[in-house]
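This report refers to the structure that appears directly beneath it.
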Amino acid sequence: MAWVGLGADGLSSSAYGPDEAFRALSGHTELAVILALATAFTVFIISYAYSRIIEHFPSGGGGYVVATKLLGAPFGVVSGSALLVDYILTITVSIASGTAQIFSFLPLEYRYLMVPVDMIVILALIVMNLRGVKESITILTPIFLLFLLTHFIVILGGGIKYFHQIPTVTSQVHHNLSTGFSTLGLMGMFIILARAYSRGAGTYTGIEAVSNGIQIMREPRIPTAKRTMVYMAVSLAVTAGAILLLYLLMGVNQQEGKTLNAVMIESVGLGSWFVILTLIAEAALLFVAAQSGFVDGPRVMANMANDRWLPHRFSSLSDRLTMHYGIMLIGGASIATLFYTGGNIDALVTMYSINVFITFSLTEIGMVRFWITERRSHPEWKKSLPIHCIGLVLCLTILTVVIVEKFAEGAWMTVVITSTLILLCTLIRYHYRVVAKKMRALSDILKDIPSEPEPMGVASPLNPRYPTAVLLVGSYDGLGIHSFLNIMKQFPGYFKQAVFVSVAVVDSGSFKGNAEVENLERETRSALEQYVSLSRHLGLPAEFRTSTGTEAVEEAERLCLAAAKDFPNTVFFAGKLVFQKEKWYQKILHNETAQAIQQRLQWEGISMVVLPVRVWN
């Protein structure tokens, strides 16, 4: 079931990866045999490398997390930015390729409708995701199985029908290889093969989906994920490699208005109904694969936002409007990319491949560095290091060839877009650092107030009937302390007790293993104990409440509703930064969590006050 749920993105690439690779052979189709073997080999190498990553990142080993953990934040932002562009292109490439399969069995005069249909499908996915549609294995399974069944029939049927051609094709391949090497030389043939190999880079997209999706698997997660990776690798290698060989065996040629897969399926000779059914299965799986961009894109944005590379508002996936920001941005960028390229699959795959292999390369560099630096504590390093070295060479080769060969044909745009996003992320993080520095100055002043933790449980339990101030806080800093003192100042003598609420948010900095999560929980409890100690020093009985989760707003709402039930006479408070001269970008960059929680509590009929904390420009 994990293979069904996470394998669609990878397996669907066999609809356009082999097609692009075979077209790039430039008349030297005899190289398809070597190309098929190289494709299968690359799939297995990258898949095995990610299987090793799964072992070391059991809570999710996506490219952003791996690069951040093993290489540092600067490499993490490069990988994260490439991933965001990658997910945008996942949507565009999958939709454009899926539509191309459909139009392959329609009359040529309808070709002008392809881009409008692409846009309609993307808009439909945006609307569906805004309404909260989630991935469902139940819905996906029939599509996935239909794809497997139809392509098994194509591969088996094509092999049987053209089996008698094997001696003739083998002789032609041998003759053409000899002729090619004598006329073009070894280097000339290698360049053609390398170009086609790199053009088929779209075949390998989606392989990291398993390592990204470990957290949704059942226990035991690591063995399940590794078996899933095996299923994905075998199915993709066999399908993509067999398609390339069938192109050669059948003598598939380009036909106007048709994909090479459509020509291949027609050549099997099982009737027009089977052609239509198989192409619909391809299109359906591609449309499902496009959904991964809407699901995983906002997840990467949330991780980067928690690390202050993107606006904080993207960090809370639980808030409906926050999730909408990510879906709208990614969907809108996909539509813009569609119109920029005119739905040209060749250009889209070029752009797609560059960002995929930036992430792959950084991931492999991180793992190579890991095995070298940690070799003393990991005896198996001699077995693992060569695999990642080979994977790194393959990834860098593909990345370099695609950029150099296609730079003037659209690759430059991908480089510019990704570089611009990296620069934007760097500026955002710089702004947050400046604000954090000013907040530390406030913290240094306010932390002189006695706040040594006292043993919890010494004081008497709080009285449910007393007026209670419930303050939502983060770490023990100037923002929280200032907000608490502000409550004491504005409501002198009214509140008889206080409750401090905080959520230990599991983000990209802590979503790597049990040790990191336990450390996060320990730090959160320590900060809350300091707030409780401060309150008791000021003569106000207090306690704290906390929980751990990936979605701050949802967890905070749950804690607040429980507190409101226990203390009926309660007012909730949260602090918010207010700038002296607010600029447009400050409205975008600073967290709306307080307002999001306030809106939810007000809907429940519960009062909440957002307290201003001034920041001087």
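Index from 1, following the sequence.
Between the side chain of Thr68 and the main chain of Val65, no donor-acceptor pair closer than 3.5 Å is present. The backbone N or O of Phe75 lies less than 3.5 Å from no partner atom in the side chain of Ser79, so there is not a single donor-acceptor pair. Side chain of Asp19 to backbone of Ala15: no donor-acceptor contact under 3.5 angstrom is found. Within the 3.5 Å criterion, the main-chain N or O of Phe147 finds a donor-acceptor partner in the side chain of Thr150. Judged by distance alone, the side chain of Ser97 and the main-chain N or O of Val93 form no donor-acceptor pair under 3.5 Å. No donor-acceptor pair under 3.5 Å is formed between the side chain of Arg195 and the backbone N or O of Glu405. Listed for the Arg375 side chain is a donor-acceptor partner under 3.5 Å among the backbone atoms of Ile372. The backbone N or O of Trp381 lies less than 3.5 Å from no partner atom in the side chain of Ser384, so there is not a single donor-acceptor pair. Formation of a donor-acceptor pair under 3.5 Å by the Ser13 side chain with backbone atoms of Thr203 is found in this model. Side chain of Arg429 to backbone of Asp307: a donor-acceptor contact under 3.5 angstrom is found.
No hydrogens or angles considered: a donor-acceptor pair under 3.5 Å links the side chains of Tyr247 and Asn261. Of the N and O atoms on the side chains of Tyr197 and Thr397, not one donor lies less than 3.5 Å from an acceptor on the other residue.
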Apply side chain to side chain contact (heavy atoms under 4.5 Å, CB included) to Val252 and Leu246, showing your working. CA-CA 8 Å; Val252 171; Leu246 283 178; over 6 Å; no
Could you walk me through whether Cys389 and Val368 pass side chain to side chain contact (heavy atoms under 4.5 Å, CB included), step by step? CA-CA 6 Å; Cys389 288; Val368 168; 4.2 Å; yes
Before giving the answer on side chain to side chain donor-acceptor pair (under 3.5 Å), spell out for Arg199 and Thr350 the whole-Å C-alpha distance, their side-chain angles and the decisive distance to 0.1 Å. CA-CA 7 Å; Arg199 291 299 302 140; Thr350 296; 2.7 Å; yes
Side chain to side chain contact (heavy atoms under 4.5 Å, CB included) assessment of Phe103 paired with Lys258: CA-CA 7 Å; Phe103 277 81; Lys258 293 184 179 181; over 6 Å; no
Give the intermediate values and the outcome of ring-ring contact (aromatic ring centres under 6.0 Å, His included) for residues Tyr50 and Phe360. CA-CA 10 Å; Tyr50 269 94; Phe360 280 0; 5.7 Å; yes
Phe294 and Ile126: CA distance, side-chain angles, deciding distance, side chain to side chain contact (heavy atoms under 4.5 Å, CB included) verdict: CA-CA 8 Å; Phe294 289 107; Ile126 292 174; 3.8 Å; yes
Any chance you could lay out the salt bridge (charged side-chain N to carboxylate O under 4.0 Å, His left out) test for Asp346 and Lys406, step after step, and finish with the verdict? CA-CA 10 Å; Asp346 180 69; Lys406 293 290 185 178; 3.8 Å; yes
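Contact between Leu396 and Ser361 at its shortest, heavy atoms only, is CD2-OG, 3.7 Å. Of all heavy-atom pairs spanning Leu244 and Ala32, the tightest one is O-CB, 4.1 Å. Residues Ile243 and Ser14 share a closest heavy-atom pair of CD1-O, 3.7 Å. Across Val401 and Ala194, no two heavy atoms sit closer than the pair CG1-O, 4.0 Å. Nearest heavy-atom pair, Leu362 versus Leu71, reported as atom, atom and distance to 0.1 Å: O-CD1, 3.4 Å. Heavy-atom minimum distance, Ala82 versus Thr359: CB-OG1, 3.8 Å.
Between Leu84 and Met304 the shortest side-chain heavy-atom distance falls below 4.5 Å. Contact check for Leu392 versus His388: no side-chain heavy atoms found under the 4.5 Å cut-off. Looking at heavy atoms from C-beta onward, Ile403 lies in side-chain contact with Ile354 at the 4.5 angstrom threshold. Using a 4.5 Å cut-off on side-chain heavy atoms (C-beta onward), Val393 and Glu364 make no contact. Within the 4.5 Å cutoff, side-chain heavy atoms of Val66 are placed close to those of Ile53. In this structure, the side chains of Ile398 and Ser353 stay at 4.5 Å or more apart for every pair of heavy atoms. Counting only heavy atoms from C-beta outward, the side chains of Ile46 and Leu394 never approach each other to under 4.5 Å. Arg52 is listed as a side-chain neighbour of Trp371, based on a closest heavy-atom distance under 4.5 Å.
Atom CG of Leu25 and atom CD1 of Ile192 lie 8.5 Å apart (nearest 0.5 Å). The distance from the CD1 atom of Ile335 to the CD1 atom of Ile120 is 10.5 Å, given to the nearest 0.5 Å. Here CD of Gln101 is found 9.5 Å from CZ of Phe287. Values are rounded to the nearest 0.5 Å. Rounding to the nearest 0.5 angstrom, the gap separating the CD1 atom in Ile153 from the CD1 atom in Ile265 is 11.0 Å. Between the CG atom of Asn355 and the CG atom of Leu399 there is a distance of 9.0 Å, given to the nearest 0.5 Å. One finds the CD1 atom of Ile95 at 5.0 Å from the CG atom of Leu125 (value rounded to the nearest 0.5 Å).
Ring geometry for Tyr204 against Phe357 counts as perpendicular: the plane angle is over 60°, on a 0 to 90° scale with 30° as the lower cut.
Pairs engaging residues 220-240 under the ring pair (Phe, Tyr, Trp, His ring centres under 6.0 Å) rule: Trp3-Tyr231 [sequence neighbours left out].
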